[in-house]
Amino acid sequence: MTRYIAALFLASLLHADVLVVATNPKFHIHHLTPALIRALYLDKRHTLHGYRVMLLNLPFNHPLRKRFEKKVLHKSTQELEHYWLIAHYRGHRPPKVVRSQKAAALYIKKITYALGYMKKSVALRYGLKIVYEWK
Amino acid sequence: MRILVFLMVVVCFAFADERYVPGQGLKLDDVPVYLGGYLSAVGEAQGKKKQIVIDELALMLYGDFMRSGFMSEFEIKDFYTKSFNEKYENEHVNTKIHIERLYYSYDIDDESEIVIGKFLTQAGFWNVLPINVLRDTTSDPNFIESIFPEMSTGLEYKHYFDTTTLYCTLQHNHGIDDQYNNFSLKHHYAVALAWNAEDSVVKASIGEFAQRNDGDSVYSTLGYMKESSLWKFMIEAGVRKTDSFHKLMYDVYMQNLWHLHVCHDLILRVERFRDRTQSRSDAVFGYTYRPVPYMAFKGELDVSDHGYGKVLCSFSIMF
């Protein structure tokens, strides 16, 4: 019984730590590929189903941001800073920086076409639609 | 034009959102419109002649809403110049404002976009990032001066495939503020393709243009760029055949940039070209220090097989 509870607890921790990209349940997208997520965050694509997407980012030194940049975007923070400077010159905006995963979730709940990354447990807690999950 | 730009700046600051982020522009309150700009100052020493120039001073106003977007960019080129040698000193202030870019863009669908107005020609790597703070070195390679038009006025269609982007340029008219372009165009038709891998890009273009005071030209460019966390390598080649010049013009350069440290880069570029007036080989040794991403201090030594050499240093910033 103890082992069973410990296994459940460990599974929940692993589940909680899974990195996901989430959006508002009203946004009519169901699944994004890693390539498309990269294209959106690297200023190569700007719309999904004809709607201009509002991308979210966590603060500069947030560990989850570092993980997302390394695992998904394959770029260092400095490279991305330069990327978004170029985007500003081209008339495009960098992802909006929000203070925390909770702030990102609340923003996505309010803005239909917003997209952001967070831990799976946060996305589920706020009833967001998960469009990609890194296992 | 000056009054219009001045009024634009005043109105923008009056309605600005207070949350300004350096290098990302100023957002106007409650509307998706942004004000930004850039500045560059260059010091140059060639033989006994020295010069200090504020060579780039520009404002950008842009925005997007749903599928539409717009960009306007007004620049004063060589706003202030001071030249001096042992015998004389000369100062000049230029306040003529040019239209660098002015266009409307529309996302047709998730994969395609149309741009109407005046925009940068999609040819090569340097031409699409023509400002000091975004470039690797103070100077540009001659590549962007003589092979293709730097700017086009007309229509550009972009289509995004998985790893490839197609650009089609159609200009069948005179350009907006065409004196502020390397060629005064009557028409310009071009196609470009960019193949993107994770850490490399291959870009090719082909085009045809006619100048108002000169003959027709056809051109072609091919470039390759590969990047790692420690270095960035670029090589580009272009050829241009024109009615009014009996020889084929060409330009090829190769550049490597080493990231010595997060903020410090070392650059070596070699270039060989033949244009209408000369045939030459150049080498550039450069160093760039970026204390923050939107600011750059650069130093550079340019040498040529024609025996001339010059030293450049610059400061540039984007806001």
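Atoms considered below: every heavy atom in the structure, side chains included; atoms not considered: hydrogens, waters and symmetry mates. In the text below, chain A, chain B and the rest are named by the order of the sequence lines, each starting its count at 1.
Interface remark: of the candidates B/His259, B/Glu113, B/Met318, B/Met318 forms the most heavy-atom pairs closer than 4.5 Å to chain A. Of the listed residues B/Asn196, B/Asp107, B/Asp64, B/Asp162, the one with more heavy-atom pairs under 4.5 angstrom with chain A than any other is B/Asp64.
Side-chain contact, B/Glu56 with B/Ser316: no donor N or O sits under 3.5 Å from an acceptor N or O. B/Tyr180 and B/Glu100 form a side-chain donor-acceptor contact under 3.5 Å, judged by distance and modelled atom types alone.
Both the backbone and the side chain of A/Arg90 come within less than 4.5 Å of a heavy atom in chain B. Heavy-atom distances place the side chain of B/Tyr38, and not its backbone, under 4.5 Å from chain A. Neither the backbone nor the side chain of B/Phe119 comes within less than 4.5 Å of any heavy atom in chain A. Of the two parts of B/Ser112, neither the backbone nor the side chain holds a non-hydrogen atom closer than 4.5 Å to a non-hydrogen atom of chain A. The part of B/Leu120 that comes within reach of chain A is its side chain, from C-beta onward, which places non-hydrogen atoms under 4.5 angstrom from that chain. Contacts between B/Val128 and chain A at a heavy-atom distance below 4.5 Å involve backbone atoms as well as side-chain atoms. Contact annotation for B/Asp109: only backbone heavy atoms (N, CA, C, O) come within less than 4.5 Å of a heavy atom of chain A. For chain A, the nearby part of B/Phe319 is the backbone; its heavy atoms alone come within less than 4.5 Å. A/His92 touches chain B through its backbone: at least one of N, CA, C or O sits under 4.5 Å from a heavy atom, while the side chain does not. Proximity to chain A (any heavy atom under 4.5 Å) is restricted, for B/Met71, to the side chain, taken from C-beta onward.
Between A/Arg45 and B/Glu111 a salt bridge is recorded (basic side-chain N to carboxylate O distance below 4.0 Å).
No donor-acceptor pair closer than 3.5 Å links the side chain of B/Thr288 to the backbone N or O of B/Asp265.
Summarising the local packing, NE2 of B/His261 is surrounded by 12 or fewer heavy atoms from other residues, nucleotides or ligands at distances under 6.0 Å.
The nearest pair of heavy atoms linking A/Ile130 to A/Lys120 is CD1-CG, 3.8 Å. Residue B/Val42 comes nearest to B/Ser314 through the heavy atom pair CG2-CB, 3.9 Å, listed as atom of the first residue, atom of the second, then distance.
Both the sub-6.0 Å distance and the 45° axial angle are not jointly satisfied by A/Arg67 relative to the ring of A/Tyr117.
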